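Here the structure is a predicted model, which is why all the values come from computation and not from measurement. What's counted below: heavy atoms across the whole structure, side chains too, no hydrogens, waters or symmetry copies.
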Amino acid sequence: MPAELIDGVAVAKLVRADVARDTAALVARGVTPGLTVVLVGDDPASAVYVRAKEKACLEAGMNGRTIRLSADTPQADLLALIDTLNADPTVHGILVQMPPPKHIDPQAVILRISAAKDVDGFHPVNVGRVWIGEKSGFAPCTPAGVMVLLERAGVQVAGANAVVLGRSTIVGKPMTSLLVNASATVTVCHSKTKDLAAVTRGADILIAAIGRPEFVTADMVKPGAVVIDVGINRVDDASKEKGYRIVGDVQFSGVRDVASKITPVPGGVGPMTIAMLLQNTVRAATQGLA
Ligand code: GUN
């Protein structure tokens with residue numbers, strides 16, 4: 001029997017409805033949660049993401065603002081803008097779209113954002129808080145969204161063998177900390193891992209986040225495993241109008257016949273990322289009241 005699909009669009013809608021309700025309650029108390037997104041340069045993919053974030057904020061009843069800076073903006077000017085946003089009480093969340101242009105050090109940017117407004121969960125203070133399981137920390141949106149998908153799909157995480165494929169700062173590492181804190185037994189795999197398929201075949205929960213199109217094949221998956229595909233990759237496809245199609249890190253049609261539950265791409269993890277960003281922003285606004 002093919003795996004059950006975990007519907008990220010439906011779950012994201014539920015999360016966004018919760019966020020809209022919490023936002024309305026804050027507005028009634030005189031506080032409108034506000035997210036400011038800063039986009040430096042004109043990368044077209046980043047521009048699409050940023051527009052989607054602003055639109056989602058407005059739909060939830062929050063203030064969503066985008067500040068667009070030219071690609072040659074000096075790092076010092078960007079850091080000065082962050083200082084201004086840190087001091088602005090109407091701004092509860094700050095997100096600088098990554099990657100910035102080459103002359104800007106992303107770590108300097110991340111460190112400058114107040115940890116209390118770091119709704120991306122990239123600041124070392126939030127990384128540390130999430131690692132030690134402190135609830136006040138902001139977890140990065142994509143792995144946080146994976147945890148919500150697992151919960152809503154009724155997947156037992158405590159005691160499960162979870163394998164995380166990929167060790168990026170944005171997904172693999174925070175995914176590991178969230179799973180450990182949910183009492184999974186976690187193995188992290190990467191480009192130097194020996195006999196990768198043997199490791200992934202031990203997974204009750206397999207998280208694919210390596211950015212390689214259709215890398216995970218059916219022979220790498222234990223029958224009955226839950227497979228979460230974080231990948232968003234463009235592959236050439238002359239039959240499509242745009243000349244490409246989007247695939248995940250999992251070879252979906254094959255793995256679907258082995259797994260018990262699986263996220264599709266698109267429509268799985270992707271929609272959760274913005275939903276969790278909104279949730280973090282509402283939390284930042286709420287924590288600001290305390
Ligand atoms: N670029 C791609 N994904 C993200 C994200 O989640 N946050 C930021 N700030 N930049 C990104």
Side-chain angles (χ1 to χ4, degrees), residues 1-15 130 133 139-168 170-190 193 195-233 246-276 279:
M1 205 171 61
E4 181 190 319
L5 288 187
I6 300 177
D7 184 348
V9 175
V11 177
K13 212 168 156 183
L14 294 172
V15 172
V130 170
C141 301
T142 299
V146 170
M147 296 306 289
V148 174
L149 284 180
L150 291 172
E151 192 188 336
R152 299 269 187 168
V155 176
Q156 169 83 23
V157 175
N161 288 329
V163 172
V164 179
L165 259 178
R167 55 174 159 175
S168 69
I170 294 183
V171 184
K173 286 176 184 167
M175 189 77 254
T176 301
S177 70
L178 293 174
L179 287 164
V180 167
N181 283 314
S183 301
T185 303
V186 186
T187 306
V188 186
C189 298
H190 43 75
T193 298
D195 200 357
L196 183 67
V199 181
T200 58
R201 274 196 298 270
D204 302 314
I205 300 171
L206 179 59
I207 314 279
I210 36 165
R212 291 176 62 177
E214 301 183 318
F215 180 83
V216 175
T217 47
D219 59 302
M220 297 168 72
V221 177
K222 175 161 85 172
V226 174
V227 178
I228 305 290
D229 189 350
V230 181
I232 301 177
N233 309 289
I246 301 292
V247 299
D249 291 351
V250 175
Q251 207 279 315
F252 183 80
S253 58
V255 172
R256 190 181 186 181
D257 289 336
V258 182
S260 63
K261 296 176 198 272
I262 188 169
T263 56
V265 176
V269 174
M272 293 302 295
T273 300
I274 288 186
M276 301 314 290
Q279 194 180 76

Taking atom CG of D249 and atom CG of L165, what is their separation to the nearest 0.5 Å? 8.0 Å
Name all residues meeting the side chain to side chain contact (heavy atoms under 4.5 Å, CB included) criterion together with L14; count only those two or more places apart in sequence or in a different chain, and write none if there are none. R152
Can you list the residues that meet the side chain to side chain contact (heavy atoms under 4.5 Å, CB included) rule with V258, with sequence neighbours excluded? A218, V221, P223
Minimal non-hydrogen separation, A162 against L179, with atom names: CB-CD1, 4.0 Å
State which residues pass salt bridge (charged side-chain N to carboxylate O under 4.0 Å, His left out) with K173; sequence neighbours excluded, sorted by chain then number. none
Hits for side chain to side chain donor-acceptor pair (under 3.5 Å) against N161, two or more places apart or cross-chain, chain-then-number order -> none
Which pair of non-hydrogen atoms, one from A259 and one from V227, has the smallest distance, and what is that distance? CB-CG2, 3.8 Å
Once you round to the nearest 0.5 Å, how far does CE of M272 lie from CE of M147? 11.5 Å
Residues in side chain to side chain contact (heavy atoms under 4.5 Å, CB included) contact with V269, at least two apart in sequence or another chain: T142, V146, L149, I228, V230, T263
Interatomic distance, L178 atom CG to I207 atom CD1 [nearest 0.5 angstrom]: 10.0 Å
Smallest separation among heavy atoms of A203 and A225, with atom names: O-CB, 3.5 Å
Validation: residues 250-257 side-chain donor-acceptor distances under 3.5 Å, sequence neighbours left out:
unit_1	atom_1	unit_2	atom_2	d
Q251	OE1	G254	N	3.2
Q251	NE2	S253	OG	3.2

For S260 against V226, the heavy-atom pair lying closest together: OG-CG2, 3.9 Å
Could you tell me which non-hydrogen atom of V163 sits nearest to which non-hydrogen atom of C189, and how far apart they are? CG1-SG, 3.7 Å
Please output the side-chain donor-acceptor pairs of residues 1-9 that fall under 3.5 Å, not counting sequence neighbours, one pair per line with the distance.
unit_1	atom_1	unit_2	atom_2	d
E4	OE1	K261	NZ	3.4
D7	OD1	V9	N	3.1
D7	OD1	A10	N	3.1

Does anything in residues 199-214 pair up under side-chain hydrogen bond (donor to acceptor under 3.5 Å, both in side chains), and if so which pairs, sequence neighbours excluded? D204-K222
Contacts of P266 meeting side chain to side chain contact (heavy atoms under 4.5 Å, CB included) (sequence neighbours excluded), chain-then-number -> none
Tightest non-hydrogen contact, residues T193 and H190, listed as OG1-N, 2.8 Å
Enumerate the side-chain hydrogen bond (donor to acceptor under 3.5 Å, both in side chains) contacts for residues 175-184, please, sequence neighbours excluded, ordered by first and then second residue. none
Inter-residue atom distance C141.SG - I170.CD1, 0.5 Å rounding: 10.0 Å
side-chain hydrogen bond (donor to acceptor under 3.5 Å, both in side chains) contacts in which one or both residues fall within residues 223-232, not counting sequence neighbours: none
Audit row: F215, N233, side chain to side chain contact (heavy atoms under 4.5 Å, CB included) steps and yes/no: CA-CA 11 Å; F215 180 83; N233 309 289; over 6 Å; no
